[in-house]
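Convention: sequence-line order gives letters A, B, ...; per-chain numbering from 1.
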There are 2 protein chains.
Amino acid sequence: MKFNLQTRWNDHTPLYIQLANRLRDGIHEGQIAYGDALPSERVLSELTGTSRVTIRKALDQLVDEGLLLRRHGSGTFITPRPEQPGTSLSGFSADAVHCGQAPGSIWLVKMVSVATVDEAAVLALSAGTLVARLARVRIADEEPLAIEHAIVPVAMLPSIELISDSLYAALDHHGNRPSNGVQKIRASLATPIEAGLLSIKEGAEVLRIERRTFLADGTPVELTRSAYRGDRYEFVADLRDWCENS
Amino acid sequence: MKFNLQTRWNDHTPLYIQLANRLRDGIHEGQIAYGDALPSERVLSELTGTSRVTIRKALDQLVDEGLLLRRHGSGTFITPRPEQPGTSLSGFSADAVHCGQAPGSIWLVKMVSVATVDEAAVLALSAGTLVARLARVRIADEEPLAIEHAIVPVAMLPSIELISDSLYAALDHHGNRPSNGVQKIRASLATPIEAGLLSIKEGAEVLRIERRTFLADGTPVELTRSAYRGDRYEFVADLRDWCENS
DNA sequence: CAGTGGTCTAGACCACGGC
DNA sequence: CCGTGGTCTAGACCACTGG
């Protein structure tokens, strides 16, 4: 194993975090092939001069992230297909950081205008409501990943200029963090304009997501329509507490 | 604390799982008020006659589930607002009924076979595990809507013949109803075979969903890969209780 | 069978919170 | 200051995998 597993104990970030980071980097840099087995926990423990419990905690993290896969009695393996997880309830920047990709964005539109009839209907606004209109191309790892078009009633967001990277951070700042919402997800094909912005072919597959969010009292906060590149993005939904079903 | 923390060691489910379950029940039954503090880890450890590490692992679970909240130097608290985190999920039949469409299906495959390497890896099964393989075309309103391909370890489903319409009903019948899982959703294009089965054009957009589900103790129950017609299906995710994000 | 991950223990020291 | 959670250790036994 050519992992660099040196840890610096002057820096007082926990050992298991340092180890997890170094392993993650090693995996992303391809120092171990996908599907291969990691050294056993006992070996790693010896290699790094830490206890097995600490190694386990580091591995736990990577397993949670979907990078590793444990098989009882057999070993710990790099997940065969590298995945692009996204969390069901997070905004874009958080997703990107979580995956170790450098987030970025290019502004297309940043203005105040009147909600269209369609938008007003979907968000249950009265006709003619003023909204901030925020459209961006989202970048990850220096490649376009998605087009995002958000509509927010100006009442929710007095100062449109304050939005730097994160819409939710700005909303939070005004005490208007949404508390619930609905997302609709469907498969579709890229329009010529979208294809250009996303650097994909016209007619390539895209994932369209429409998100509506609300304050706890039901006041609409946001309507975001996005188109994600089908070849680079995967929507991950965490399923807890099953309901009645099929 | 009026928790019933007795554990039975004959039943050999891990101690920390038993403890987590008992605590969760106690909380749900309201034996501790929302917002109140739990006994300290050291006290719990003494109360239950287990080590602090084990208590921590049990608490870790409940923290993950959003039931508990830790504050360094202060204590561990029941999360103030009872939450229903994550995305609620339903199987196919429930979805269809919910939309007022007549559900139906055509069996493509219904057999027992060996898990492929890929399947075994994704479900964390050991190589060569026997699985029931269930593939169907799902119909709604007399038109094909999706292709569904489910894999279930035979241990979960002794009698493959019992599956009539609903996989979950059959699992439930054996006491193996999954309690949690993950879904991955991405946009893609229909292969020629899929196009034929779904009555759409080759290269038309489809929504691919991969669902993995597990028992409460983490035992894998099901791996289902589906392809939904992009022009007829939309995945709806309910967002409750926002997390930290972008 | 030997080797793997899964669980568990009984200690230890640290960093933080609140009195 | 004491009590809290956060981290870490060294060792143990079990259950499982695979040859």
Any residue meeting salt bridge (Lys or Arg N to Asp or Glu O under 4.0 Å) with A:R70, in chain and number order, not counting sequence neighbours: A:E41, A:D60
Give every pair of a protein N or O atom and an N or O atom of nucleotides 16-18 of chain C that lie under 3.5 Å apart, one pair per line with the distance.
{"unit_1": "C:dG17", "atom_1": "O4'", "unit_2": "B:G73", "atom_2": "O", "d": "3.4"}

N or O in side chain of B:T54 less than 4.0 angstrom from C:dT9 OP1/OP2: yes
By side chain to side chain contact (heavy atoms under 4.5 Å, CB included) - contacts of B:V154 (at least two apart): B:V112, B:L130
B:Y16 side-chain proximity, nearest of D:dT17, D:dT7, C:dT7: C:dT7
A:K57 vs D:dT7: side-chain N/O to OP1/OP2 distance below 4.0 Å: yes
Listed nucleotide nearest any side-chain atom of B:V53, set C:dG5, D:dG18, C:dG11: C:dG11
Rounded distance (Å) that lies between atom P of C:dT4 and atom CD of A:E46: 12 Å
Whole-Å distance separating the CG atom of A:L38 from the P atom of C:dG3: 18 Å
Among D:dG5, D:dT7, C:dC8, the nucleotide that comes nearest once only the side chain of B:R70 is considered: D:dG5
Residues forming a side chain to side chain contact (heavy atoms under 4.5 Å, CB included) with B:S51, sequence neighbours excluded: B:V53, B:T54
B:S105 side chain vs B:V137 backbone, donor-acceptor pair below 3.5 Å: no
Stepwise side-chain hydrogen bond (donor to acceptor under 3.5 Å, both in side chains) check, A:Q18 with A:T13: CA-CA 7 Å; A:Q18 293 185 45; A:T13 63; 3.3 Å; yes
Rounded distance (Å) that lies between atom P of D:dC13 and atom CG of B:L15: 17 Å
Pairing residues for A:D36 by the salt bridge (Lys or Arg N to Asp or Glu O under 4.0 Å) criterion, not counting sequence neighbours: none
Nearest-nucleotide pick for A:P14, side chain only, options being C:dT4, D:dC8, C:dT9: D:dC8
Most 5' of B:R52 and A:E41 on DNA chain C, judged by nearest nucleotide: A:E41
Residue list, salt bridge (Lys or Arg N to Asp or Glu O under 4.0 Å) with B:E119, at least two apart or on another chain: B:R133
A:R42 side chain, from C-beta outward: closest of C:dG11, D:dC13, D:dT7: D:dC13
